[in-house]
Protein chains: 4
Amino acid sequence: MSGVNKVILVGHLGKDPEVRHLEGGATVVNFTLATTENYTKDGRKVEQTEWHNVVMWRGLADVAAKFLQKGKLVYIEGKLRTRSYDDREGNKRYVTEIVAENFNMLGRRSDNDTVNQPGAANQGSAKAEEHIADFNSGNAEDDLPF
Amino acid sequence: MSGVNKVILVGHLGKDPEVRHLEGGATVVNFTLATTENYTKDGRKVEQTEWHNVVMWRGLADVAAKFLQKGKLVYIEGKLRTRSYDDREGNKRYVTEIVAENFNMLGRRSDNDTVNQPGAANQGSAKAEEHIADFNSGNAEDDLPF
Amino acid sequence: MSGVNKVILVGHLGKDPEVRHLEGGATVVNFTLATTENYTKDGRKVEQTEWHNVVMWRGLADVAAKFLQKGKLVYIEGKLRTRSYDDREGNKRYVTEIVAENFNMLGRRSDNDTVNQPGAANQGSAKAEEHIADFNSGNAEDDLPF
Amino acid sequence: MSGVNKVILVGHLGKDPEVRHLEGGATVVNFTLATTENYTKDGRKVEQTEWHNVVMWRGLADVAAKFLQKGKLVYIEGKLRTRSYDDREGNKRYVTEIVAENFNMLGRRSDNDTVNQPGAANQGSAKAEEHIADFNSGNAEDDLPF
DNA sequence: TTTT
DNA sequence: TTTT
């Protein structure tokens, strides 16, 4: 019945997204994301990094495949899913992944350009933003007389 | 550019949703939601309630109109929007609302029945859940061979 | 560096919290939490449950140990942490847990009573709320002349 | 009773934080934050900006006063609070503010330097991160034998 | 293993 | 105006 399963991450990609195309045509993308926490303990600075396995599907995966790269800073919203698989010895193993429902590139626009050539500059992320907007949308209420 | 504007509330409706139908046919629903915080201050228990103005549009509003009522406990996810209007004296005023993107009825199912007659019992919220599921969905990836 | 690692769950405890006391005196509590999602797929209702491993430490664990039980509906906020351990065959394994930073019992107060005897009734959760308030607090700004 | 009131924002400061020191010695900081959403409507790109009133108190305000500036990209977590005040004509008015409980500077470290002189470079934000860590912490469980 |  |  009632349930909420929500994850919010801001971090950097540990590698370029790994892209696969399933038989049905759907795109799936996987990458790791590092979230780092800084705190002081016993007067000393500690930096602690947590690595997350992120999965994106379909349209979101298509956008990610085009615009996300190793090192980019992103905001990700999704849900937790633990799935099992059999390892090489035939033992059941579990992985917990974040199934992304939404993402947002952070940082400077120039950081987000796939290419940064004169004449082409900033096109990349502009399009990315437009596409991401499609996923973020569902807010087209703004045309209402209110 | 990059932006995140997210609100997460769990609270009780202060009144039944007020339903309007716009000329284009879209449904809009408004209600207030109370979130209460308890803490101890100077050794005394304090209960502090915050009131939020919630708006829902279209399909989400239709579901809300059917199943939400004064007193219900609900989880709401949405975004902040401050809009201006002119008061009776013609002065510009501002209100901040939560434009809901998603909601979830909490508590016992029996709490969520509009009617609770023999034969009709539990139909109400069961349908609510099904409908709400439509809005929560976008998770139909589960049919993929993975 | 910059990082956000946040999890928000609303679900039911799958079992009573398992309580341990570490040598230093700190309490640790573990339990599983089910979050259930309902959606319709190909016209049929589907109910999908995800199980989460939740850990609580110290003061939060003490409150949890007193007031949480199998079946309770609870809101939990925390962060993801994946840790490794060696299984019985000496192989490295990984588990992802939600390290709770905050929680909130939902549902009716009567649902939350440990005991419900005349004379003792409601004491349980009333104290729970007071204690939880201590963890939720950090909002003592309210004494300021503003 | 049970309640959750949570806001998560990622956006840019519209102005430098305005700092006040209350009689008791507590620091209060106010600033506006812009969150921008991009979407396509009727095939045209739309950029919509929402402005939020953010308040920070005490230690968090001290850190903000030192390190936040107009234009910075920041992640903020807090709660909604609507308070009333009397305008110049003696009429009751309401403002909704985000009372921040936590924040995180995003973007490149170099973006976060208050000063960027040779020899002093990067000191600013490094210290900011250390201090912010103090507020983010409460995760000192890591010293436990587990 | 929860809940509806 | 909710809820406990």
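Every heavy atom of this structure was used, including side-chain atoms; hydrogens, water molecules and symmetry mates were not. Letters go in sequence order (proteins before strands), and every chain restarts at 1.
One interatomic measurement links the two molecules: CG of Asp16(C) to C1' of dT3(E), which rounds to 15 Å at whole-angstrom precision. Between the P atom of dT2(F) and the CD atom of Gln69(B) lies a distance of 14 Å, rounded to the nearest Å. A straight line from CG of Leu73(B) to P of dT1(F) spans 20 Å, rounded to a whole angstrom. Straight-line distance from the NE2 atom of His52(B) to the P atom of dT1(F): 17 Å, rounded to whole Å. Here the P atom of nucleotide dT3(E) and the CG atom of Asn104(B) are 17 Å apart, to the nearest Å. Between the NZ atom of Lys15(B) and the P atom of dT3(F) there is a distance of 15 Å, rounded to whole Å. Computed from coordinates, the Leu33(C) CG to dT1(E) C1' distance equals 11 Å when rounded to whole Å. We find that CG of Leu9(C) is positioned 15 Å from C1' of dT3(E), with the value rounded to whole Å.
Here Glu50(D) pairs with nothing under the salt bridge (charged side-chain N to carboxylate O under 4.0 Å, His left out) rule; sequence neighbours left out.
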As a quick check of understanding, evaluate side-chain contact (heavy atoms from CB on, under 4.5 Å) for Leu68(B) and Phe103(B), giving each step before the final call. CA-CA 10 Å; Leu68(B) 293 184; Phe103(B) 78 88; 3.8 Å; yes

Show your working on side-chain contact (heavy atoms from CB on, under 4.5 Å) between Val74(C) and Phe67(C) and close with a plain yes or no. CA-CA 11 Å; Val74(C) 53; Phe67(C) 302 107; over 6 Å; no

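Which of dT1(F), dT2(E), dT1(E) sits closest to the side chain of Lys70(B) comes down to dT1(F). Each of dT3(F), dT2(E), dT1(F) was ranked by its minimum atom distance to the side chain of Ala34(C); first place goes to dT2(E). With distances taken from any side-chain atom of Thr36(C) to the nucleotides dT1(E), dT3(E), dT1(F), the minimum falls on dT3(E). Among the nucleotides dT3(E), dT2(F), dT1(E), the one closest to the side chain of Glu47(C) is dT3(E).
Heavy atoms of Gly11(C) sit nowhere under 4.0 angstrom from any nucleic acid atom.
Stacking between Trp51(B) and the base of dT2(F) is absent under the criterion of ring centres within 5.5 Å and planes under 30 degrees.
Each of Ile98(C), Val4(C), Asn5(C), Val7(C) was compared with Lys79(C) under the side-chain contact (heavy atoms from CB on, under 4.5 Å) criterion, and only Asn5(C) meets it.
Separation of atoms CG (Asn53(C)) and OG1 (Thr96(C)) is listed at 8.5 Å; rounding is to 0.5 Å.
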